[in-house]
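This structure is a prediction, so every number in the text was calculated from the model and none was measured. Values below: every heavy atom of this structure, side chains too, minus hydrogens, waters and symmetry copies.
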Amino acid sequence: MLARTVYPDNPPKVEYTLTDLGQSIHPVLKSLCDWGTAYQAAIPPINDLGGPLTDAAD
């Protein structure tokens, strides 16, 4: 899924790129991202303690 290219530079340089197989998952991830954006409002926000946010004082 990833191609790693090492260049004999000083300082050392390494480059990572997606292979054709890695590129093929892009439509799936894009759909998942679009779904998450569309349904983000349906999920109640949580507070720092992991519970839902409420207007009532505890």
Side-chain angles (χ1 to χ4, degrees):
M1 291 190 73
L2 290 175
R4 181 176 185 255
T5 305
V6 179
Y7 297 95
D9 295 339
N10 192 9
K13 179 181 172 185
V14 178
E15 215 173 65
Y16 294 92
T17 56
L18 287 174
T19 63
D20 288 342
L21 180 61
Q23 287 285 346
S24 70
I25 198 159
H26 183 264
V28 175
L29 295 177
K30 173 84 171 84
S31 291
L32 186 59
C33 182
D34 292 345
W35 178 88
T37 300
Y39 289 95
Q40 188 173 13
I43 301 169
I46 58 172
N47 63 23
D48 290 339
L49 301 175
L53 293 177
T54 62
D55 291 335
D58 292 334

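Clustering ILVMFWY residues whenever any of their side-chain heavy atoms sit less than 4.5 angstrom apart, transitively, puts Leu32 in a cluster other than the one holding Ile43. Put simply, Tyr16 and Val6 are part of the same group of oily side chains (I, L, V, M, F, W, Y) that touch within less than 4.5 Å, one to the next.
Applying the salt bridge (charged side-chain N to carboxylate O under 4.0 Å, His left out) test to residues at least two apart or on different chains, the pairs with a partner in residues 22-38 are Lys30-Asp34. Residue pairs meeting the salt bridge (charged side-chain N to carboxylate O under 4.0 Å, His left out) criterion with at least one member in residues 1-10, sequence neighbours excluded, do not occur.
Side-chain contact check for Leu18 versus His26: every heavy-atom pair is 4.5 Å or farther apart. With a 4.5 Å cut-off on side-chain heavy atoms, Leu2 and Thr19 do not count as touching.
Summarising the geometry, atom CD belonging to Glu15 is positioned 6.0 Å from atom OG1 belonging to Thr5; distances are rounded to the nearest 0.5 Å.
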